[in-house]
Amino acid sequence: MNTSFNLFDFVGGVHPAENKTQSTQSSIAPAGIPEKLVLPLTQHIGAQSKPLVNVGDTVLKGQLIAAAQGFISANLHAPTSGKITAIEDRAIAHQSGLSDLCIEITTDKQDKWVEHSGIANYQDIDASQLISMIQEAGVTGMGGAGFPTHVKVSANPDTIKTLIINAAECEPYITADDMLMQERANDVITGIRILAHILKPESILIGIEDNKSKAAEALNLALKESPENNLIEVIVIPTKYPSGGEKQLIQILTGKEVPSGGLPSSLGIVCHNLGTAYAINSAITKGEPLISRITTMTGNACAAPQNYEVLIGTPVKHLLEVSNTDIKNTSRLVMGGPMMGFTIDQIETPIIKASNCIIAATKQELPDPAMEQACIRCGMCTEACPAQLLPQQLYWFSKSSNLEQAESHNIADCIECGACSYVCPSNIPLVQYYRFAKGEIKQATADKLKSDRAKVRFETRLARQEREAAEKVAKRQARAEAAAKKQAQKKAAPAQDASDSKAPPAADIELLQKKFDATKAGVTKTKEKLAILLADENADPEKIELLKGALTKAQTKMKDAAKVMAEAKKAEKASASTSSDKGDPNTPERLKNKLDLAQSRLETANKRLEEAKAENSDKIEAFETAVTKQLERVNDAKLALETAIKTSATNNVPASVDLETLKQKVLAAQTRVDKANERLNMAKEQNLETVGALQTGLDKQTSKLVDAKAALEQASTEEAK
């Protein structure tokens, strides 16, 4: 024990009643195996673990049941053997009182281990391998924060000068580390030496308060029994709360202050809890993962205050039964100490890796908080604050949700020790206000980060769309220039056959079809993205408006492309019909078509005449004249058709020739119907304005197909006779 070490002090701090002797009268006892264990997947700072088991699986003690997700996360192992009976939300050990995803194990009481083994000579093992073993064992900080230990021991050894072991255990009631040092000092020292082997510090300081004389003696005795590492010093410090805070202990032992928002590693210092060193020893020398911890069970309602070795996941109810706690006389159940702990409402809440104490307090011991009164600006909170903050100002900012001012006054440096609340004469629960503000700041920061990422993605997408649009414009200009050049070459060349010049190249129509398909795909994709945004309640209205504008432009481009393609196909068809030999116009087939057209026009004229009469229009006389003329055309067409039929019979035209012609007519009519139907479906799908006209065209082509089939059937019947 070093009594000549030059100690420093920190500003603030308080001296609450210790209440430690109640639980140090007996040795550490096993808490036993409960009927069920409930293991939260989030028992540490960082990402939640991922379950590796399913309901119904049988597991062994020490088996990995949930894997760490990312570097800042921790593995979770089965504390005993049994069966997985649930993976669902349960109440967890957290001041919020909320539930989280947990794995429930129904124990089989056999406590059967999975195969495991440790390392006898850790000095011969590379530091990286030891860090991997610590990570695999799921070791986290045992002092309360629960930071994954493998992250802290991964610091660059070249920058670490001092390793500090936190054995202060300054909070009232808690004696878990005290009894651990008294009874298992050799294992603790071995764990410290493993840390030293990894970090290679120049000095190792164990800070312990002067109210733990037996523990300090046990540590010094263990050092004397194995003096191979003379860097370790046990430093006794004055008892004052919160001397066990990481920054406060560093200041006491080294006189250095960790800068605001900084880490001890910036000063060449790494600080680990004494319980963490014990867990590291178990992981390396025994190959055992972190599946149990020492927990203090105390309070005036507890008949046998004592420290127990408790399996992780043990319900608090089981500890109350083991310690003969009077549940009816228990006014409050506190997990942790009275200064930084929190009240739990459900006795099924499980013990986690950071649970160092359960206080079963009577009403006289921890009475209900007095009514909050107005701040009298006495300044006592400022004097007690060990972080040298302005608690009164932080209170006003937190209460009014002035998060920006709270941040500027370094609320993040608040260690939530409760010293300000302890001395406040107005009974203001200051720490609760600070916790609320810090939670709001954390959420606001996460929301801003999410918004910034979305903004970057949106701006990147807009830039890509602009680039693609520019590329399309350039391609269109290039095609236009090529077409103009080609046209000029055609004019300079000798005139070609009229039929060839009128027919557009098939490649042009294929290009138009591809362009239409591309615009159609763009419309579909934009609609899908817009639907996703509209379904999102938190979507940015500006993004929705931009997408709506983009959709309108895309639909316009699609309609234009459809129109251009339709005109090209129409021109191709007209060119083909012009270039083909029409033959004799006085054949029965052509005269029949002429008669059908005349009858259709007569029906239209009669319809318009009836409408004019119904409206008493002044155009009745003109429509009557039109009907008369159209009737004459119908009669002339009938006469011409009859004459052609008689002439054909007189000239003994073979029936086979007539049948072949009628078959070709049916095929041609069927082709026209198919094309008309295709165009109509396309117009309906794209919601074009030409749907009505295309429907009328389809009806006419269908009527002609029916007539052609009837004529073919009649001719076939006559030939059979």
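None of these values were measured; they are calculated from a predicted model. The analysis underlying the following values was restricted to heavy atoms, covering all of them including side chains, and did not include hydrogens, waters or symmetry mates.
- If you take OG1 on T702 and CD on Q670, they are separated by 8.5 Å, rounding to the nearest 0.5 Å.
- T671 contributes a side-chain N or O that, together with a main-chain N or O of L667, makes up a donor-acceptor pair within less than 3.5 Å.
- Between E468 and R464 a salt bridge is recorded (basic side-chain N to carboxylate O distance below 4.0 Å).
- In this structure, the side chains of P315 and P34 come closer than 4.5 Å at one or more pairs of heavy atoms.
- Considering all non-hydrogen atoms of both residues, L37 and I312 come closest at CD2-O, 4.0 Å.
- Heavy-atom contacts from other residues, nucleotides or ligands closer than 6.0 Å to CD of Q695 number more than 12.
- Residues D108 and S81 are in side-chain contact: their nearest non-hydrogen atoms beyond the backbone lie under 4.5 Å apart.
- Shown here for I291 and A78, the closest heavy-atom pair between the two residues is CG2-O, 3.8 Å.
- At distances below 3.5 Å, at least one donor-acceptor pair connects side-chain atoms of Q43 with backbone N or O atoms of K353.
- Looking at Q63 and D57, their side chains never come closer than 4.5 Å, going by heavy atoms from C-beta outward.
- At distances below 3.5 Å, at least one donor-acceptor pair connects side-chain atoms of T556 with backbone N or O atoms of T552.
- Under the 4.5 Å side-chain criterion, counting only non-hydrogen atoms from C-beta, E481 is not in contact with K485.
- How far NE2 of H150 is from CD1 of I72: 8.0 Å, rounded to the nearest 0.5 Å.
- Across every non-hydrogen atom of S73 and A47, the tightest pair is OG-O, 2.8 Å.
- Counting all heavy atoms, side chain and backbone alike, S99 lies closest to A91 at CB-N, 4.1 Å.
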- Task: Evaluate side-chain contact (heavy atoms from CB on, under 4.5 Å) for E404 paired with N402, printing each intermediate quantity in order.
- Result: CA-CA 6 Å; E404 186 175 343; N402 191 344; 4.3 Å; yes

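- Side chain of T349 to main chain of Q346: a donor-acceptor pair is present (N/O by atom type, distance under 3.5 Å, no hydrogens or angles).
- Here the straight-line distance linking atom CG of L602 with atom CG of L597 works out to 11.5 Å at 0.5 Å rounding.
- In this structure, Q701 contributes its side chain and A669 its backbone to no donor-acceptor pair below 3.5 Å.
- A 4.5 Å side-chain heavy-atom check between E603 and K607 finds every atom pair outside the cut-off.
- N606 and E610 form no side-chain donor-acceptor contact under 3.5 Å, judged by distance and modelled atom types alone.
- Summarising the local packing, NZ of K83 is surrounded by 12 or fewer heavy atoms from other residues, nucleotides or ligands at distances under 6.0 Å.
- Taken from OG1 in T519 to NZ in K559, the straight-line distance is 12.0 Å, to the nearest 0.5 Å.
- The shortest non-hydrogen separation linking T107 to T80 is CG2-CG2, 3.4 Å.
- A 6.0 Å sphere centred on CZ of R608 holds no more than 12 heavy atoms belonging to other residues, nucleotides or ligands.
- A donor-acceptor pair is defined here as one N or O able to donate and one able to accept, closer than 3.5 Å; such a pair exists between the side chain of H77 and the backbone of E136.
- By the 4.5 Å heavy-atom criterion applied to side chains, H94 and T42 are not counted as neighbours.
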- Message: Evaluate L546 against R461 for side-chain contact (heavy atoms from CB on, under 4.5 Å), listing each step before the verdict.
- Response: CA-CA 12 Å; L546 285 173; R461 179 175 173 274; over 6 Å; no

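- How far CG of L39 is from CD1 of I84: 8.0 Å, rounded to the nearest 0.5 Å.
- Judged purely by atom type and a 3.5 angstrom limit, S600 has no side-chain atom pairing as donor or acceptor with the backbone of D596.
- Under a cut-off of 6.0 angstrom, the local environment of NZ in K594 is sparse, with at most 12 non-hydrogen atoms contributed by other residues, nucleotides or ligands.
- Taking CG from L101 and CG from D89, the interatomic distance works out to 6.0 Å, rounded to the nearest 0.5 Å.
- Under a 3.5 Å cut-off, the side chain of H44 and the backbone N or O of N75 do not form any donor-acceptor pair.
- Panel note: side chain K36, backbone T85; no donor-acceptor pair is recorded below 3.5 Å.
- I103 approaches P51 most closely through the heavy-atom pair CD1-CB, 4.3 Å.
- Between I105 and P79, the closest side-chain pair of non-hydrogen atoms falls below 4.5 Å.
- Between E348 and R90 there is no side-chain heavy-atom pair separated by less than 4.5 Å.
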